[in-house]
Amino acid sequence: MFIQFGIASILMLCFTAVAWYEGSAILDNPWEWRYSTPFTQLLYGEVSKPSDISQLDYFVYAAKFQPTFPILMTIIALYLLILVGYLLLKKEDNLLDLYISLLGISLLLLSYFVFNSSTFGGRIFFFIFLTSGILCSAFVLKRIINLKLMKNQN
């Protein structure tokens with residue numbers, strides 16, 4: 001398990017670095033500042049020059065226009081979240097079910113927020129979040145049904 005965690009963490013760092021670099025192209029596209037800088041606008045207000053842009057907005061821009069590495073980051077992050085949850089809660093079935101349920105609900109909410117995206121990257125993220133949320137929910141539902149069936153057999 002720890003080897004998986006180490007490899008996934010290294011991949012996450014590499015994918016993050018590439019996505020951050022690709023997203024830095026927003027500095028050269030002032031016409032996109034209004035639509036691709038939600039973190040800067042939330043924290044500081046209107047963007048007027050490249051130095052105003054938050055580093056987090058680099059990832060937003062990369063996710064919208066060059067989504068390969070942000071998608072890989074998201075998949076690895078989900079894998080790490082599930083792995084960490086499993087490692088910490090494997091002996092507590094109810095807490096593990098709750099954790100996976102909350103993760104599934106969070107993913108479904110994220111899919112709702114990117115539902116109307118006009119970019120290719122946004123539509124891919126919608127499907128990733130929706131599919132992951134449904135899979136997490138189905139996993140927990142299956143575990144609950146199996147527990148009920150086991151109790152009825154005893």
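- Under the side-chain contact (heavy atoms from CB on, under 4.5 Å) rule, Asn146 has a single partner from Lys142, Arg143, Lys148, which is Lys142.
- Grouping the Ile, Leu, Val, Met, Phe, Trp and Tyr side chains by contacts below 4.5 angstrom, directly or via other members, places Leu108 apart from Leu141.
- Side-chain contact between Ser36 and Phe65: present, with at least one pair of heavy atoms (C-beta onward) separated by less than 4.5 Å.
- Nearest heavy atoms, Cys136 versus Gly104: CB-CA, 3.6 Å.
- Counting heavy atoms from C-beta outward, Ile134 and Leu107 have side chains that stay 4.5 Å or more apart.
- The CZ atom of Phe15 lies 11.5 Å from the CD1 atom of Ile10; values are rounded to the nearest 0.5 Å.
- Ile76 CD1 to Leu83 CG: the interatomic distance, rounded to the nearest 0.5 Å, is 10.5 Å.
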Step-by-step side-chain contact (heavy atoms from CB on, under 4.5 Å) determination, Gln41 to Trp33: CA-CA 9 Å; Gln41 292 177 24; Trp33 293 351; 5.9 Å; no
Could you go step by step and tell me if Phe120 and Ile124 meet the side-chain contact (heavy atoms from CB on, under 4.5 Å) rule? CA-CA 6 Å; Phe120 178 69; Ile124 291 174; 3.0 Å; yes
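- The two atoms that bring Gly85 and Leu96 nearest to each other are O-CD1, 3.8 Å, heavy atoms only.
- Relative orientation of the Phe115 and Phe126 rings is perpendicular, given thresholds of 30° and 60° on the angle between their planes.
- No donor-acceptor distance shorter than 3.5 angstrom exists from the side chain of Thr37 to the backbone of Thr40, with no hydrogens or angles considered.
- Residues Leu103 and Leu95 share a hydrophobic cluster, clusters being chains of Ile/Leu/Val/Met/Phe/Trp/Tyr side chains in contact below 4.5 Å.
- Note on Tyr99: it clusters hydrophobically with Met1, by side-chain heavy-atom contacts below 4.5 Å among ILVMFWY residues.
- Atom CG of residue Leu135 and atom CD1 of residue Ile100 lie 11.0 Å apart, to the nearest 0.5 angstrom.
- Taking the side chain as every heavy atom from C-beta outward, Phe129 and Thr74 approach each other to under 4.5 Å.
- Counting heavy atoms from C-beta outward, Pro70 and Phe125 have side chains that approach closer than 4.5 Å.
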Candidate pair Tyr58 and Ile53, rule side-chain contact (heavy atoms from CB on, under 4.5 Å), full reasoning: CA-CA 8 Å; Tyr58 290 12; Ile53 297 175; 4.0 Å; yes
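- With a 4.5 Å cut-off between side-chain heavy atoms of Ile, Leu, Val, Met, Phe, Trp and Tyr, the cluster of Phe39 takes in Leu56, Val60.
- Tracing side-chain contacts under 4.5 Å through hydrophobic residues (I, L, V, M, F, W, Y), one reaches Leu80 starting from Leu88; they form part of the same cluster.
- Considering CZ of Phe139 and CD1 of Ile82, their distance stands at 8.5 Å, rounded to 0.5 Å.
- A continuous path of ILVMFWY side-chain contacts below 4.5 Å connects Ile7 to Leu72, so both sit in one hydrophobic cluster.
- Nearest heavy-atom pair across Arg123 and Ser118 is NH1-O, 3.3 Å.
- Between the CG atom of Asp97 and the CG atom of Leu147 there is a distance of 7.0 Å, given to the nearest 0.5 Å.
- Taken to the nearest 0.5 Å, the OH atom of Tyr21 stands 9.5 Å off from the CD atom of Gln66.
- The existence of a salt bridge linking Arg34 and Glu46 is excluded, since no basic side-chain nitrogen approaches an acidic carboxylate oxygen closer than 4.0 Å.
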Go through the steps for Val84 and Phe5 under the test side-chain contact (heavy atoms from CB on, under 4.5 Å), then give the verdict. CA-CA 8 Å; Val84 167; Phe5 184 80; 3.6 Å; yes
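- Of all the heavy atoms in Leu27 and Pro50, the pair that sits closest is CD2-O, 3.5 Å.
- Checking Gln4 against Tyr79 by side-chain atom types alone, a donor-acceptor pair falls below 3.5 Å.
- Annotation: side chain of Asp52 is not in contact with side chain of Tyr44 (no heavy-atom distance under 4.5 Å).
- The side-chain heavy atoms of Thr16 and Met12, taken from C-beta on, include a pair separated by under 4.5 Å.
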